[in-house]
Amino acid sequence: MDATFATGKELQKMDPVFGQLSFDDHEQIVFCNDKDTGLKAIIGIHNSVMGPALGGTRMWNYNTEWEALNDVLRLSRGMTFKSAITGLNIGGGKAVIIGDAKTQKTPELMRKFGEFVHSLSGRYITAEDVGMETKDMDTVRDVTPYVTGISEERGGSGNPSPVTAYGVYLGMKAATKSQFGTDVLDGKKVLVQGIGHVGETLVEYLTKEGAQVTISDINEEKLYQVASKYNATIYTGEDLYTADVDIYAPCAMGATINDNTVNKIKAKVIAGAANNQLADENVHGARLQERGILYAPDFLINAGGIINVYAELANYGKAEIMAKTENIYNTTLEIIDFAAKNNITTHKAALTIAQNRIDQRRIENAAK
């Protein structure tokens with residue numbers, strides 16, 4: 001490329017992996033390609049100090065390979081801190097498959113992906129994420145043991161989405177207690193953005209407690225279905241970030257809190273299931289803090305899913321899954337308190353505590 005006419009973004013792309021902020025000392029990036037099945041995937045292993053890298057596979061119709069790479073880097077990094085803050089002895093990884101899950105996902109493609117996972121000899125263990133279902137993990141299991149979230153019929157923990165939603169609900173209640181003086185959600189106005197597997201279950205929890213739930217999603221058919229089922233209100237305004245609500249729950253894709261939205265948000269609490277909600281964790285986390293908006297760190301409160309699938313590796317049952325997930329409530333309060341005492345953002349507080357655990361394990365590993 002002729003640098004004389006390259007734009008800033010193009011120059012950045014000349015250093016597309018090691019030069020990215022989201023790279024953040026990843027241990028390994030694997031590019032997977034198979035002509036016969038059409039598979040184009042990227043596996044990111046961010047950190048294995050605590051154990052093998054565990055994280056789901058997302059299938060998404062990315063606009064560019066660059067977008068896919070940045071997503072897997074951000075997601076796998078987030079998994080490292082999610083597992084550490086939750087107290088799990090597992091590292092952080094993630095995978096993305098480029099394509100439309102509705103039209104391009106086939107059993108052959110999933111098996112081929114499983115072969116690539118298997119080639120890493122257990123350094124990366126996959127699971128379900130956006131665009132994936134339990135049956136897809138069963139297909140991957142046909143070719144590799146390095147997969148979690150398989151069906152209960154095959155000895156797995158099943159769909160992790162309900163447990164993820166439960167953790168988000170508890171994290172939301174903890175943040176609400178800190179911000180409003182009570183964790184009771186009855187009467188609170190909550191906007192849930194994204195009503196997939198996790199978002200819909202969150203709507204169910206909120207509705208049962210008496211919250212006034214407004215929902216938003218790109219899938220209109222699903223919107224009307226969920227609205228009818230739970231008597232939720234469909235958001236019809238011009239800009240949902242200006243919605244007059246108490247709590248904003250992003251449960252779709254990440255980076256919805258960005259330069260364009262961070263100053264519009266009227267909610268006093270942000271607590272949702274989406275990964276990497278802050279487009280820039282330093283800039284936008286600080287801006288939320290300045291505006292008096294309490295942010296429940298995403299990688300903390302959405303950890304129910306990883307707790308659920310980790311059970312297959314640690315051999316614990318449903319009772320311990322739920323106990324570990326319920327502890328998200330207490331951990332959220334601890335993080336908020338730590339942030340206040342140290343005058344840092346809640347996101348920074350959660351990262352600090354997670355990193356301290358990783359650093360301690362690194363020292364222990366070196367001493368062996």
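Residue numbers count from 1 along this sequence. The structure displayed is predicted, hence computed values, not measured ones.
Arg111 and Glu115 are not joined by a salt bridge, as no carboxylate oxygen comes within less than 4.0 angstrom of a charged side-chain nitrogen. Taking 4.0 Å as the cut-off between side-chain N and carboxylate O, Asp129 and Lys94 count as a salt-bridged pair. No salt bridge links Lys188 with Glu209; every basic N to acidic carboxylate O contact stays at or beyond 4.0 Å. For the pair Arg154 and Asp142, the salt-bridge criterion is met [side-chain N within less than 4.0 Å of a carboxylate O]. A salt bridge is defined here as a Lys NZ or Arg NE, NH1 or NH2 lying under 4.0 Å from an Asp or Glu carboxylate O, and Glu108 with Lys112 fails to meet this definition. A salt bridge does not link Glu281 to Lys348: none of the charged nitrogens lies less than 4.0 Å from a carboxylate oxygen.
Distance check, rounded to the nearest 0.5 Å: CG of Asn327 to CE of Met322 gives 12.5 Å.
In this structure, Ile97 and Met132 have side chains that are in contact, with non-hydrogen atoms separated by less than 4.5 Å. Looking at heavy atoms from C-beta onward, Met79 lies out of side-chain contact with Leu54 at the 4.5 angstrom threshold. The side-chain heavy atoms of Thr86 and Ile307, taken from C-beta on, include a pair separated by under 4.5 Å.
The aromatic rings of Phe81 and Phe299 sit tilted relative to each other, their planes meeting at an angle between 30° and 60°. Note on ring orientation: taking the six-membered ring where Trp is involved, the planes of Tyr205 and Tyr166 are tilted (angle from 30° to 60°).
Both Leu109 and Ile43 are part of a single hydrophobic cluster, where members link through side-chain heavy atoms under 4.5 Å apart.
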